[in-house]
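These notes are about the structure you will find just below.
From a predicted model like this one, the values you see are computed outputs, not experimental measurements.
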Amino acid sequence: MMYLSKSEIVYQHIRDGIESGRYRPGDRFSAQEIARELGVSRTPVNEAMKKLSEYGLIRILPNVGYEVISLGFRDIREIMEIECLLERQAISWMQLPPAPERLAELRSLARGILEAGERQDRREYNRLTNLFHQRFIELTDSRVLSEIYQKS
């Protein structure tokens with residue numbers, strides 16, 4: 001069993017709440033509210049919120065708390081375009097060209113991600129994005145990408 005720090009538990013709780021719709025775009029909350037709800041101090045809450053902010057899921061409101069960010073289809077498309085640029089570069093570093101069926105699977109997942117974004121289905125968008133990244137890392141067989149993905 002993998003040990004999770006208190007900040008990782010808070011991070012997963014809030015991220016899951018955003019994905020499930022329990023926390024909706026525009027919802028605001030304080031570190032104190034989350035700390036009380038989860039029975040932790042504000043320090044792990046603040047650490048988790050910093051990470052969620054870096055991933056663009058929440059906005060830190062100084063002297064107020066936190067707000068869930070609303071990602072529109074345009075935002076999702078921009079994020080995907082940046083990811084595609086980075087992933088193309090990673091593929092170019094591969095020793096052997098990827099098998100056509102693996103590339104077809106990635107293209108299919110990418111289409112599904114776009115469709116979930118258009119439907120504003122955050123849960124499906126996140127599920128497909130995670131699956132895409134897992135398949136992409138398997139394809140590149142990159143230890144560095146694998147470590148980065150496991151930390152996020």
**Item:** Which residues share a salt bridge (charged side-chain N to carboxylate O under 4.0 Å, His left out) with Arg127, sequence neighbours left out
**Value:** Glu124

**Prompt:** Taking only residues two or more places apart in sequence or in another chain, which ones pass salt bridge (charged side-chain N to carboxylate O under 4.0 Å, His left out) with Arg119?
**Reply:** Asp121

**Prompt:** What pairs with Arg42 under side-chain contact (heavy atoms from CB on, under 4.5 Å), at least two apart in sequence or on another chain?
**Reply:**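 For Arg42, the residues satisfying side-chain contact (heavy atoms from CB on, under 4.5 Å) (neighbours in sequence not counted) are Ala31, Gln32, Ala35, Asn46.
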
**Asked** side-chain contact (heavy atoms from CB on, under 4.5 Å) with Leu38: which residues, sequence neighbours excluded?
**Response** Val10, His13, Ile34, Val40

**Request:** In plain terms, say whether Glu138 and Arg102 are close enough for a salt bridge, that is, a side-chain N and a carboxylate O under 4.0 Å apart.
**Result:**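 The answer is yes: the pair qualifies as a salt bridge.
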
Heavy-atom pair with the smallest gap, counting every atom of [X] and [Y]:
| X | Y | answer |
| --- | --- | --- |
| Ser41 | Val45 | O-CG2, 3.6 Å |
| Arg22 | Asp27 | O-OD2, 3.9 Å |
| Leu109 | Arg135 | CD1-CG, 4.1 Å |
| Ala48 | Tyr11 | CB-N, 3.5 Å |

Hey, could you give me the [atom1]/[atom2] distance between [X] and [Y], rounded to the nearest 0.5 Å?
| X | Y | atom1 | atom2 | answer |
| --- | --- | --- | --- | --- |
| Arg111 | Leu128 | CZ | CG | 12.0 Å |
| Ser30 | Arg36 | OG | CZ | 6.5 Å |
| Phe136 | Leu131 | CZ | CG | 14.0 Å |

**Prompt:** Restricting to pairs with a member in residues 52-68, which pass salt bridge (charged side-chain N to carboxylate O under 4.0 Å, His left out), not counting sequence neighbours?
**Reply:**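 Every pair satisfying salt bridge (charged side-chain N to carboxylate O under 4.0 Å, His left out) with a residue in residues 52-68: Arg28-Glu67, Lys50-Glu54, Arg59-Glu67.
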
**Request:** List the steps and the verdict of side-chain contact (heavy atoms from CB on, under 4.5 Å) for Ile18 and Ile58.
**Result:** CA-CA 9 Å; Ile18 291 170; Ile58 62 142; 4.0 Å; yes

**Prompt:** Can you list the residues that meet the ring pair (Phe, Tyr, Trp, His ring centres under 6.0 Å) rule with Tyr23, with sequence neighbours excluded?
**Reply:**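 Only Phe29 meet the ring pair (Phe, Tyr, Trp, His ring centres under 6.0 Å) criterion with Tyr23.
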
**Asked** Stepwise, does the side-chain contact (heavy atoms from CB on, under 4.5 Å) test hold for Arg15 with Leu52?
**Response** CA-CA 8 Å; Arg15 189 192 66 204; Leu52 288 160; 4.2 Å; yes

**Asked** Can you check whether Tyr66 reaches Leu61 side chain to side chain, under 4.5 Å on heavy atoms?
**Response** no

**Request:** Would you check if Ile14 and Met49 make a side-chain contact, meaning some heavy-atom pair closer than 4.5 Å?
**Result:**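 Sidechains of Met49 and Ile14: in contact.
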
